[in-house]
Amino acid sequence: MTARQLTFAANWKMNHGPAEARAFAEKFLALTPAAEGRRLWFFPAAVSIAALADALKGRSDVTIGAQNVHWEPKGAFTGGISIPMVTEVGARLTLVGHSERRHLFGETDEQVGRKTKAALAAGITPLVCVGETLAERDGGRTEQVIVRQLGAVLAALQSPDWERVVMAYEPVWAIGTGKNATPDDAAQIHELIRMELGRKGVPHRVPILYGGSVSSANVASLLSRPQLDGVLVGGASLNPEGWAEVVDRGSKAKVRPSGGFDLIEG
Ligand code: 13P
């Protein structure tokens with residue numbers, strides 16, 4: 001198995017059209033050289049995928065993804081965007097089951113499973129998001145919710161498929177609130193996800209990113225935990241200087257004295 005990669009994923013949500021995406025890329029690239037063992041993922045709005053893929057095409061450490069896709073390749077789904085469409089314009093990844101899709105747009109666990117399966121079948125990497133709401137956390141139901149969300153994905157996939165899945169733990173109460181999970185809390189849920197996948201027969205150590213109010217101030221302490229393979233960031237990824245700083249500080253927190261990044265091998 002190849003060495004694990006430290007992953008910095010930027011989810012721009014409904015921000016940055018094509019012109020802004022290009023301007024971002026120009027500034028960010030000048031500030032952030034490629035580093036061995038580190039990958040940089042960008043999830044722009046669908047209309048900006050082509051522009052960003054083009055602006056970043058010289059960098060093999062950078063990959064572009066969609067924020068959402070339909071599970072069907074085509075058809076009567078007004079407003080929908082298919083995996084072949086985003087692939088055609090340069091996406092090689094897709095977010096699946098982001099909490100904003102689940103909670104604002106009513107996406108179900110079952111749809112998350114279908115999208116994950118469709119992404120894998122089309123040869124792109126799904127970054128599957130799970131996480132509990134504040135009410136679920138306060139009600140002591142975090143574990144139950146995560147296990148339920150994982151269950152729908154497990155039901156849709158075969159165990160070898162998991163070699164190509166990346167997950168993100170994004171507690172809903174931490175998204176855009178400035179209230180991040182503590183490194184210990186995040187590490188504990190990452191362990192829970194891995195235990196549950198292991199219990200269900202997944203033989204691989206699936207990479208798991210943490211998301212929810214990650215910033216240049218907390219990225220180093222979060223990534224100091226070996227359970228975290230990277231971060232998925234909204235607000236703090238919107239500005240090229242700020243995002244370059246998050247990537248730089250986060251990378252330094254995981255750098256090995258011998259070179260490369262300190263990640264557990266799969
Ligand atoms: P914030 O980093 O703005 O909290 O958003 C997190 C997120 O939802 C990334 O997908």
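Read the numbers this way: they start at 1 and go in the same order the structure lists the ligands and their atoms. When reading the values below, keep in mind they use all heavy atoms of this one structure, side chains included, and skip hydrogens, waters and symmetry mates.
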Side-chain H-bond candidate by donor/acceptor type, Tyr169 with Gln188, under 3.5 Å: no

Greater than 12 external heavy atoms within 6.0 Å of Glu36's CD: no

Geometric class of the Phe24/Phe42 ring pair [parallel <30°, tilted 30-60°, perpendicular >60°]: perpendicular

Hphob cluster co-occupancy, Trp243 + Val219, side-chain heavy atoms under 4.5 angstrom: yes

Test item: Val165 and Leu120 side chains (from C-beta on) under 4.5 Å apart, heavy atoms: yes

Working for side chain to side chain donor-acceptor pair (under 3.5 Å), residues Gln67 and His98: CA-CA 8 Å; Gln67 293 176 10; His98 189 278; over 6 Å; no

Set of residues that line ligand 1, where lining means a heavy atom lies under 4.0 Å from it: Asn11, Lys13, His98, Glu170, Ala174, Ile175, Gly176, Gly212, Ser213, Leu232, Val233, Gly234, Gly235

